[in-house]
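Everything on this sheet refers to the single structure shown next.
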Amino acid sequence: MSKGTRIAAAVAGSVALLSAGLTAPATAAAATVLHCDTFVHHNDNYVGIAMCDNPTGQTWRFRAVVTCGWAPDVVGEWVTLRPRDSGQSQGACGRLGTGVGAVGVDERLA
């Protein structure tokens, strides 16, 4: 078997395994605890906002994680939420970019 044939066979075998669903299991993402809404500011598409409330009996902290177009991504200030509190974090993309592409939340037990 030539080298090119072996590579083609290996690729075909990999495709067969993938299509059969025999891939390695993906690591599950951590479940979110806070209840959050994320959005782009109504009057300024360079500002991403995360508003969260804490329905738990523990203190949590969170921050907005803003994906920017051509500018570097940014994160907002950490906000600490006691049980049943709510708060807001925001980040602004650089003006040389294309504005906010997405807004996420980084949350951690305080």
Side-chain angles (χ1 to χ4, degrees):
M1 186 183 290
S2 73
K3 183 177 180 180
T5 305
R6 286 189 300 242
I7 292 172
V11 169
S14 297
V15 170
L17 285 174
L18 288 173
S19 63
L22 300 176
T23 60
T27 303
T32 57
V33 174
L34 302 176
H35 294 164
C36 299
D37 289 319
T38 60
F39 51 94
V40 178
H41 191 281
H42 179 69
N43 296 324
D44 187 351
N45 66 347
Y46 287 84
V47 177
I49 302 169
M51 295 183 71
C52 299
D53 62 57
N54 180 1
T56 73
Q58 295 179 304
T59 300
W60 286 81
R61 61 188 180 125
F62 78 98
R63 64 182 174 179
V65 179
V66 183
T67 303
C68 300
W70 289 97
D73 298 342
V74 295
V75 294
E77 295 291 325
W78 284 104
V79 176
T80 301
L81 299 179
R82 294 184 311 254
R84 313 293 183 256
D85 274 355
S86 61
Q88 170 182 313
S89 177
Q90 67 184 38
C93 295
R95 293 293 175 174
L96 297 177
T98 56
V100 175
V103 182
V105 176
D106 179 5
E107 64 182 48
R108 300 178 190 196
L109 195 56

_Contacts of type side-chain hydrogen bond (donor to acceptor under 3.5 Å, both in side chains), residue D44, not counting sequence neighbours_ = R95
_Within residues 64-73 or reaching into it, pairs that qualify as salt bridge (charged side-chain N to carboxylate O under 4.0 Å, His left out) - sequence neighbours excluded_ = none
*Same hydrophobic cluster for V105 and M51, using side-chain heavy-atom links shorter than 4.5 Å among ILVMFWY?*
no
*In this structure, are over 12 heavy atoms from other groups packed under 6.0 Å from L109 atom CG?*
yes
*Contact list for residues 62-110, test disulfide bond (SG atoms under 2.5 Å apart), sequence neighbours left out*: C68-C93
*Members sharing V65's hydrophobic cluster (side chains within less than 4.5 Å)*: V75
*Could you tell me the separation between the CG atom of D37 and the CD1 atom of I49, rounded to the nearest 0.5 Å?*
11.5 Å
*V79 pairs by side chain to side chain contact (heavy atoms under 4.5 Å, CB included) with which of S86, S89, C52?*
S89
*Hey, any chance Y46 and W70 share a hydrophobic cluster, counting ILVMFWY side chains that come within less than 4.5 Å of each other, even indirectly?*
no
*Taking all non-hydrogen atoms of both residues into account, name the closest pair between T98 and G69 and its distance.*
OG1-CA, 3.0 Å
*Shortest non-hydrogen contact from A50 to G104?*
CB-O, 4.4 Å
*Does N54 use its side chain to pair, donor to acceptor, with the backbone of L81 at less than 3.5 Å?*
yes
_Restricting to side-chain hydrogen bond (donor to acceptor under 3.5 Å, both in side chains), what partner residues turn up for R63, sequence neighbours left out?_
D106
*Determine yes or no for a side-chain-to-main-chain donor-acceptor pair under 3.5 angstrom, with R108 supplying the side chain and F62 the backbone.*
no
*Go through the structure and list residues passing side-chain contact (heavy atoms from CB on, under 4.5 Å) with E77, not counting sequence neighbours.*
none
*Which residues pass the side-chain hydrogen bond (donor to acceptor under 3.5 Å, both in side chains) test with Q58, sequence neighbours left out?*
none
*In the hydrophobic clustering that connects Ile, Leu, Val, Met, Phe, Trp and Tyr at side-chain heavy-atom distances below 4.5 Å, which members other than V66 occupy its cluster, ordered by chain and number?*
V40, V74, V100, V103
_Contacts of D53 that satisfy salt bridge (Lys or Arg N to Asp or Glu O under 4.0 Å) - sequence neighbours left out_ = none
